[in-house]
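Right, one structure below, let's go through it.
Heavy atoms only: backbone and side chains are in, while hydrogens, waters and symmetry mates are out.
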Amino acid sequence: MLRFFGSLAITLFSITAQAQNYAPGEVIVRLKSQHGSAQSFEFMGRAVSNHAMSLKTSFSKMNMYHFSLAAGQRVEDTIVDLKKDPNVLYAEPNYYLSKSQVDQSSNSAQSVATSANIGAQSVWTASGGVPSNRPVVAVIDTGLDTTHPVMVGTSVVWTNPNEIAGNGIDDDSNGYVDDIHGWNFVDNSATIYDDDGHGTHVSGIILSLDQNIFGSTFQEAKIQIMPLKFLNGSGVGTTSDAIRAIYYAANNGASVLNNSWGGSDYSAALNDAVAYSYTKGALFVAAAGNNGSDNDSTPMYPASYAVPNVVSVAATTDYDFLASFSNFGSGTVHLGSPGVSIYSTLPNNPSVLYGTMSGTSMATPFVSGTAAQMKVVSPNMLGYQIKTILLGQTTAVSQLQGKVNTSGRLDSSASVDFAKTASVESSQPAYNVSYSSDRELASNIAGGGGGCGLVKALSNSGDSSEPPFGSSVAVVILLLAPVLILLALRMQSPENRRRYDRFKINSDVRISVGDRELIGSVSSLSLGGAQVNTTALLQDGGLITLTISSPTGDEKVEVAGRVVWSAANKAYGVAFDQAPQSVLSRISDWTRHLKRAA
């Protein structure tokens, strides 16, 4: 007999049609054989004849290929067939990726003050004058407003030294015609406009480690910014375009790659691209993500790749606390960096040149900008050594203990000073990619979301219009301690009211159901409610973990439930019949002093 704790039944979601989290009709394939070998030519022939696939992009040095499929071909079916080919190392969807920003507000006032002093102003002079060979930071993002007064005044925008502008010829034979200042992988053009604002804001933060970007006059920058646009005007891009941007940056001299974006889907192809940047001696700085979750258990990519040149960055507040939205992870997130209400450049509006944004997107470029100044003072230093110094020179912060690997926040001044006198290492450790073999199509799910809450609407992402459990199925979840939510929302006495507004938050939850993926929006009742980490298949026997937060949000307990079919409710539900007594006792303590409204 099924047993459920609690008596409150809440409709968790209904099912309608919605697109999957990868580009329809596209796959990425890597072969085992060498590029140009007889086996690779044989595979290409089979791809065309047997699968009607068309080549879109070739990454020859990685023996990786991006294909489009014929009309009517399912990505899932094609991948299953491709994996049967003895020459295929892996085949996967072309996953979507997005910027790691949580909010934006235009502001023409002076720079927002911060008490988290990373030593930026001392770096302006510590790194000396303009070097003859300025280090290049690739900003892989939404583009850049190259006409912004700060960008023009500092001459910071990278110029391809081997390309002649406007002659319609690929002078340097890198595969891109007239790529004078980088490339737009969204439109496949040399026009790197920023139709979102994110890339320009990120670039300004990087430049703020070089000089005062809010002054009336500017100096020539000691660094260069290579704008590579792969995110569209909505801040969304594909894995294939991210790989193209990384490949371009690594092959065209970028020593630091800034990546203020990510996604929850593991991609072996993206892993390979990051590893390729390591072979070029570059540093790969990546945003940890804005889900407020633990990357040790719920990875965010590319920040969670174990490539030695990756630096994963969490966001901190003005007072060195972990930002409420920031992902963390004592094993996989390396350090904190300011990421709340960061004031920087905005594009395309002469009357509003600056504004604030928040997110790990903003924390990441502080690290990239610091790394670039370290290259100014030590031009031959490789990315791996720069990472070692960055992590070794952080400012210890008690609030980050157990949250990031170094238990510290970025110290730009100390890092640059250390790089000045450090002996340069001429080599870096060998690294071979170890693929996550336990991750299959649509099984890498972003549990946890952006905060506690209930899934309000979930939809079927498969190609079939038929819901996975029938046309009228609604899934009902019976919460472990619904009284906690009821009491928390109905407190009437001032001493028992919450200090903060915690009633609304939006996020996404994805659940893999066979060969389909369900994507839902989360609407939070309260941060003192329940967080559903939907990391299991939604079928009989699947596991779901609830993280129950205390009314103040400073304590949490977890309990696992199993997805079962309830004949009485005619719906799937979650049974928590093995909840430890210690969990129930802790929740009882939390609710003992709360008062119910009349």
Side-chain angles (χ1 to χ4, degrees), residues 28-35 59-64 88-90 92 95 97 135-138 140 239 242-259 261-263 265-288 295-296 299-313 329-335 364 367-368 371-372 374-375 378 380-392 404-406 415 419 422-439 444:
I28 300 174
V29 181
R30 182 172 180 181
L31 303 182
K32 298 176 183 177
S33 60
Q34 294 297 315
H35 176 73
F59 304 97
S60 58
K61 293 183 180 179
M62 293 187 285
N63 204 18
M64 185 191 302
V88 171
L89 178 62
Y90 56 72
E92 63 185 31
Y95 290 112
L97 300 160
V136 178
V137 182
I140 301 172
T239 295
I243 293 171
R244 293 171 69 198
I246 294 169
Y247 201 61
Y248 183 102
N251 288 336
N252 287 276
S255 53
V256 179
L257 280 63
N258 187 91
N259 305 275
W261 48 270
D265 299 292
Y266 174 82
S267 165
L270 185 57
N271 197 347
D272 275 334
V274 176
Y276 181 75
S277 74
Y278 178 63
T279 68
K280 293 293 187 177
L283 182 72
F284 192 96
V285 189
N295 283 6
D296 291 356
M300 181 65 66
Y301 303 102
S304 292
Y305 290 130
V307 186
N309 67 332
V310 172
V311 177
S312 176
V313 185
S330 60
T332 57
V333 179
H334 296 108
L335 78 169
T364 301
V367 178
S368 296
M374 293 168 69
K375 284 288 288 187
S378 186
N380 297 321
M381 190 172 285
L382 299 174
Y384 179 79
Q385 186 178 5
I386 291 175
K387 172 183 176 178
T388 302
I389 294 173
L390 281 167
L391 303 191
V404 299
N405 185 255
T406 60
S415 297
S423 298
V424 176
E425 300 171 1
S426 59
S427 62
Q428 53 190 17
Y431 172 74
N432 294 315
V433 177
S434 178
Y435 303 113
S436 295
S437 58
D438 61 333
R439 296 181 182 277
N444 182 24

So [Y] and [X], do their side chains get closer than 4.5 Å, heavy atoms only?
X	Y	result
V313	V333	no
L257	V285	no
I389	M374	yes
R244	F59	yes
P302	W261	yes

Practice prompt. For the pair V404 and S330, evaluate side-chain contact (heavy atoms from CB on, under 4.5 Å) and give the outcome as yes or no after the intermediate values.
Written response: CA-CA 4 Å; V404 299; S330 60; over 6 Å; no
Search all heavy atoms of [X] against all heavy atoms of [Y] and return the closest pair with its distance.
X	Y	answer
A275	V433	CB-CG2, 3.5 Å
V310	A303	CG1-O, 3.6 Å
M64	A269	CE-O, 3.5 Å

Point-to-point distance, once rounded to the nearest 0.5 Å, from [atom1] of [X] to [atom2] of [Y]:
X	Y	atom1	atom2	answer
Y278	L382	OH	CG	8.5 Å
M62	I246	CE	CD1	8.0 Å
N259	I140	CG	CD1	4.5 Å
S267	D272	OG	CG	8.5 Å
S427	Y384	OG	OH	10.5 Å

Counting distance only, does the side-chain N/O of [X] pair as donor-acceptor with the main-chain N or O of [Y] below 3.5 Å?
X	Y	value
N309	G383	no
N405	G329	no
Q385	E425	yes
S255	A282	no
S304	M300	yes
N63	K61	no
K375	N380	no
S277	V274	yes
K387	L283	no
N295	T332	no

Q.
Can you tell me how the ring of Y276 sits relative to the ring of Y247, calling it parallel under 30°, perpendicular over 60° and tilted otherwise?
A. tilted
With Y301 as partner, the option from Y266, F284, Y95 fulfilling ring pair (Phe, Tyr, Trp, His ring centres under 6.0 Å) is Y266
Strictly under 6.0 Å, is that where the ring centroids of Y90 and Y435 end up? yes
>> Between L89 and L31, does the side-chain contact (heavy atoms from CB on, under 4.5 Å) criterion hold? Intermediate values first, please.
In response: CA-CA 5 Å; L89 178 62; L31 303 182; over 6 Å; no
Given the options V256, L335, I386, V311 meets side chain to side chain contact (heavy atoms under 4.5 Å, CB included) only with L335
